[in-house]
Amino acid sequence: MGVPIRLEAVLEAMDLPTEWESFLDPATGKIVTLSEDDQAVLDDEDADVDEFPDWQRDSITEIRKVLDSGRALRLPDSFDINEWDLMRRFSSLLEDPEQRRELLDAIHGTGAFRIFKMSIARLGLRERWFEYRDNALRRIAKDWLETEGIPFVEDAINEAL
């Protein structure tokens, strides 16, 4: 089915603001991303795309082409990724009981994401968190591609690791 997709391209498209959506055309390997502005233009039947700047007109045209193909598959989004659960699982894996308790406490209540990020920085766990998060996103992307039957290739730098 289609051309092999670069795993890194899928990961980049998945790791965008939560209100954005990315779609893949498995036949062409093309990934398009819709921002809130793009979605508003697509939803507005009266919008005259010719009035937009060239870059936006080209982007909207490409998005429409992929979405209208009938082949577009929505990439995993923030709901599928569940960043809060990733933070919980990371925190639970920590061997140091003080760090584990602090991070598990940090992810509850108002400002959980901000407090978690401040806590991992203060505890010197920032690199470890981002490695854990990157590996989790990679697994989600691979699982999604395999489930959809889409062939993929990993970049040479990752194959060496």
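Computed from a predicted structure; not experimentally measured.
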Polar side-chain atom of Asp15 near backbone of Leu11 as donor-acceptor pair, under 3.5 Å: no

Under the rule for side chain to side chain contact (heavy atoms under 4.5 Å, CB included), what residues qualify as partners of Asp58, not counting sequence neighbours? none

Please determine whether the number of non-hydrogen atoms from other residues, nucleotides or ligands lying under 6.0 Å from atom CZ of Arg74 exceeds 12. yes

Under a 4.0 Å N-O cut-off, is there an ion pair linking Glu8 with Arg138? yes

Indicate every side-chain donor-acceptor pair of residues 85-92 with a distance under 3.5 Å to a residue at least two apart or in another chain.
| residue | atom | partner | partner atom | Å |
| --- | --- | --- | --- | --- |
| Asp85 | OD1 | Arg88 | NE | 3.0 |
| Asp85 | OD1 | Arg88 | NH2 | 2.6 |
| Asp85 | OD2 | Arg89 | NH1 | 3.1 |
| Arg89 | NE | Tyr132 | OH | 3.4 |
| Ser91 | OG | Met87 | O | 2.8 |
| Ser92 | OG | Arg88 | O | 2.9 |

Looking only at heavy atoms, the pair that brings Met14 and Pro76 closest together is CG-O, 3.6 Å

Across all chains, not counting sequence neighbours, the side chain to side chain contact (heavy atoms under 4.5 Å, CB included) partners of Asp96 are Glu98, Gln99

How about Glu154 and Arg6: do any of their side-chain heavy atoms sit closer than 4.5 Å? no

Does Phe116 have its ring centroid less than 6.0 Å away from the ring centroid of Trp129? yes

Decide whether Leu93 and Ile140 are clustered together by the hydrophobic rule: side chain heavy atoms of Ile, Leu, Val, Met, Phe, Trp, Tyr closer than 4.5 Å, transitively. yes

Applying side chain to side chain contact (heavy atoms under 4.5 Å, CB included), can you list everything that pairs with Ser119, at least two apart in sequence or on another chain? Glu102, Leu103, Ala106, Ile115

Can you check whether Leu137's main-chain N or O pairs, donor with acceptor, with Asp134's side chain at less than 3.5 Å? no

Closest non-hydrogen atoms of Ile150 and Ile5, given as atom of the first, atom of the second and distance, are CG2-CG1, 3.4 Å

Any side-chain heavy atom of Arg128 within less than 4.5 Å of one from Ile120? no

Cut-off 3.5 Å, no hydrogens considered: what does the side-chain donor-acceptor table look like for residues 16-24, sequence neighbours left out?
| residue | atom | partner | partner atom | Å |
| --- | --- | --- | --- | --- |
| Ser22 | OG | Ala13 | O | 3.0 |
| Ser22 | OG | Thr33 | OG1 | 2.8 |

Kindly indicate whether the side chain of Trp144, heavy atoms from C-beta on, has any atom under 4.5 Å from the side chain of Arg139. no

Can we say Asp25 and Lys30 salt-bridge, meaning some charged N sits less than 4.0 Å from an Asp/Glu carboxylate O? no

Report the residues that fulfil side chain to side chain contact (heavy atoms under 4.5 Å, CB included) with Glu127, sequence neighbours left out, ordered by chain and then residue number. none

Is the shortest side-chain heavy-atom distance between Asp77 and Ile81 below 4.5 Å? no

Pairwise side-chain contact, Leu94 with Leu125, heavy-atom cut-off 4.5 Å (strictly under): yes

Would Asp68 and Lys65 pass as an ion pair if we require N to O under 4.0 Å? no

Is there a path of hydrophobic side-chain contacts, each under 4.5 Å between heavy atoms, that joins Met118 and Trp84? no

So how far is it from Leu7 CG to Lys142 NZ, rounded to the nearest 0.5 Å? 6.5 Å

Sub-4.5 Å side-chain heavy-atom contact between Val10 and Leu145: yes

